[in-house]
Amino acid sequence: MHISAKDLAALIPADFTLGVATAAFQIEGALTEDGRGPAGWDVFSAKPGSIVEDHSPAVACDHYHRMPGDVALMKQLGVDSYRFSLSWSRIQPQGSGPVNPEGLAFYDRLLDELLANGISPMLTLYHWDTPLALDDAGGWMNRDTAYRLGEFAAIAAEAYGDRVARWCTINEPATVTTNGYTLGLHSPGEALMLNALPTVHHQLLGHGLALQALRAAGVPGEVGMTNVYSPMVPNSINPLDKISANLMDLAQNRLYADPVLKGKYPDLIRAAKFFGSFDHPDEDMEIISQPLDFYGLNYYMPTKVAVGPGEGAVPASMAEAMGSDLSAAGNGGTPFHVETWPEADITAYGWPVKPEYMKVALKEMAERYPDLPPVIITEGGASFEDIIVRDKSTNTTFIPDERRLKYLSDHIESALKATSPGGEAESIELRGYYVWSLLDNFEWSAGYNQPFGLLHVDFETLERTPKASYFWLQELIEERNLAAAAGAAVAQAATDEPDAAAMPDDDVTSGTAA
């Protein structure tokens, strides 16, 4: 069971954003249309064996052609905001130089459509789809890519700055480094292990340069960035497991958050000999650590860590879902590995469902970063195999995704309680939660086998079908709106009520008149 929509709505503070999120490469399709240049992911996904069952992103959800209908479904859902990303190579085909007017025009239409339907835009500048020309020049191993992202931010600010309420400069640099450059599971497919460390600094520098460009352009919208966060839990009381968990925490959480929020890399990282592989000018840290209007946190699960290489870098269920055999990366190649949570429900991705660790994540962030700006959960959601129920008598389809519904309900409840007065992370000002994802989509190396959407997509017909979780979120938003309206009415009535002390006393008035 989970909390009712009405009771959950009662926990939602004023001005809290309920939104949905997507990414350009995962939903748009139209990879060769209207002047779009190739991205590194175009090439990577075309290599046999890179994607589960060799699924192609060429069409994806066909959002490029079906955008107005998708916005209409958001309007029907009732969300406050939509987080989407720009396809860098659709706007700037080579990642530098001239812009593509038709690419700019698509996002012009999207923004206008959102605003016409009362949906606030949150725009992500970079969500992993690096233009191929930049990948060919070294991608994020090349410091120049950071400057190209800053240039791209200036282009976007000039085109869309008047209509975007919130900007995310970059999404999950940890995933780009780990999957794209350390293990080779994502584009550009480099398995550089520790030699991938320069990509960390260059992405964070790109964030800082993009932030500078947006602020220089005077955009009125709030500006932040998005990092994924996973609490690291030792597998046992073995001190070596605790050390391993701390090292994993450094590598996956603090390595990306500390420079942005503290202006320096963690001490252990800076002291390590291999850190010399990306020495940087001191002024870089000032650029990286500029104040943010908000900090975006993507939370999906905790990670259980054990010492030694184990049987693989990650549990077999995760490796299979990724479409890659990760055992080679774990056998003898790593000092620690990820363990399973035998007691936990798991998603189709093999991820443990542990909503209580949302509180842990927020508590750790609050303790580590006393000057943390307001926080937005910019992604949260789960992939589960969906069962499609067809009613022949009415020719309707229903998808009862109770597990996804419960995942979202439990995680939103956990976040709200943790940041409420008396909660584990009460010092955090939590401003919103964006569900990943609006649509079932191209889930990177997992292809179309990992559905996260509130809307089911038939990838043959491209028909969208709302799932039970869609209707649940719709109910939650309606209950939130009703509670807000009732509260406003009570407040207005209290304001309008005459001051009893100022009212004339009937008896005194009568006596005076006599």
### Message
If you apply the rule side-chain hydrogen bond (donor to acceptor under 3.5 Å, both in side chains), what do you find for Asp401 with Ser469, and how did you get there?
### Response
CA-CA 6 Å; Asp401 63 332; Ser469 55; 2.6 Å; yes

Side-chain heavy atoms of Asn171 within contact of Glu379, under 4.5 Å: yes

One should read off an interatomic distance between Leu125 CG and Ser85 OG, to the nearest 0.5 angstrom, of 9.5 Å

- Query: In terms of ring plane angle, is the pair Trp444 and Trp41 parallel, tilted or perpendicular, where the classes change at 30° and 60°?
  - Reply: tilted

Checking Glu172 side chain against Val228 main chain: does a donor-acceptor pair fall under 3.5 Å? no

For Phe44 and Gly189 the tightest heavy-atom approach is CE1-CA, 3.7 Å

Should the ring pair Tyr448 and His55 be called parallel, tilted or perpendicular, given that the plane angle runs from 0 to 90° and is split at 30 and 60?
tilted

Tightest non-hydrogen contact, residues Met122 and Ile376, listed as CE-CD1, 4.0 Å

In this structure, CG of Leu439 is separated from CG of Leu73 (nearest 0.5 Å) by 8.0 Å

(Q) With a 3.5 Å distance limit and no angle check, can you tell me whether Ser89 reaches the backbone of Pro131 through a side-chain donor-acceptor pair? (A) no

When rounded to the nearest 0.5 Å, the distance separating CG of Leu110 from NE2 of His63 is 5.0 Å

(message) For the residue pair Asp386 / His456, report whether a side-chain donor-acceptor contact shorter than 3.5 Å exists.
(response) no

Assess the side chains of Thr378 and Thr226: does a donor N or O sit below 3.5 Å from an acceptor N or O? yes

Exam field: side chain Asp440 to backbone Gly453, donor-acceptor pair closer than 3.5 Å: yes

Report task. For the pair Trp128 and His186, name the ring-plane relationship: parallel under 30°, tilted 30 to 60°, perpendicular over 60°. Result -> tilted

Is the count of non-hydrogen atoms from other residues, nucleotides or ligands lying under 6.0 Å from Lys363 atom NZ greater than 12?
no

Please confirm whether the backbone N or O of Phe442 pairs with a side-chain atom of Gln26, one donor and one acceptor, at under 3.5 Å? yes

On a heavy-atom basis, the closest approach of Gln474 and Gln76 is NE2-O, 2.8 Å

Interatomic distance, CG@Asp7 vs NE2@His2, rounded to 0.5 Å, equals 11.5 Å

Does Lys359 NZ have over 12 foreign heavy atoms under 6.0 Å away? yes

Notebook entry, point to check: Within 45° of the axis and under 6.0 Å from the centre of the six-membered ring of Tyr64, does NZ or CZ of Arg36 qualify?
Noted result: no

Just say parallel, tilted or perpendicular for the rings of His411 and Tyr299, cut-offs at 30° and 60°. tilted

Check: Glu443/Ser383 side-chain N/O donor and acceptor closer than 3.5 Å
no

Q. Hey, is the main chain of Ser230 close enough, under 3.5 Å, to the side chain of Thr303 for a donor-acceptor pair?
A. no

Around Glu33, counting heavy atoms of other residues, nucleotides and ligands shown, do more than 12 lie under 6.0 Å from its CD?
yes

- [ ] Give a yes or no on whether Asp391 atom CG has more than 12 heavy-atom contacts from other residues, nucleotides or ligands under 6.0 Å away.
- [x] yes

In short, Tyr229 meets Asp249 closest at the heavy-atom pair OH-OD1, 4.3 Å

dist Asp112:CG -> Tyr107:OH (nearest 0.5 Å) comes out at 14.5 Å

Checklist entry - Do Glu343 and Lys354 meet the salt-bridge criterion of a basic N to acidic O distance under 4.0 Å? => result yes

Legend entry - Heavy-atom donor-acceptor pair, Ser45 side chain to Asp42 backbone, under 3.5 Å: yes

Taking the six-membered ring for Trp, are Tyr300 and Trp351 closer than 6.0 Å centroid to centroid? yes

For this session: Look only at the side chain of Tyr181 and the backbone of Trp140, and say whether a donor-acceptor pair between them is shorter than 3.5 Å.
Result: yes

- Item | Distance-only donor-acceptor check, side chains Ser81 and Thr17, under 3.5 Å | no

* Asked: Any side-chain heavy atom of Met74 sitting closer than 4.5 Å to one from Asn117?
  -> no

Between the CG atom in Leu362 and the OH atom in Tyr357, the distance rounded to the nearest 0.5 Å is 14.5 Å

- Query: Parallel under 30°, tilted from 30 to 60°, perpendicular over 60°: which one fits the rings of Tyr82 and Phe84?
  - Reply: parallel

Any side-chain heavy-atom pair of Leu8 and Leu476 under 4.5 Å = yes

Donor-acceptor pair, side chain of Arg166 and main chain of Val164, under 3.5 angstrom:
no

query: Would you say the side-chain atoms of Ser437 pair up with the backbone N or O of Ala21, donor to acceptor, closer than 3.5 Å?
result: yes

Any donor and acceptor pair, going by atom type alone, linking the side chain of Asp293 with main-chain N or O of Val223 inside 3.5 Å?
yes

Here the pair of heavy atoms bringing Glu113 nearest to Pro68 is OE2-CB, 4.1 Å

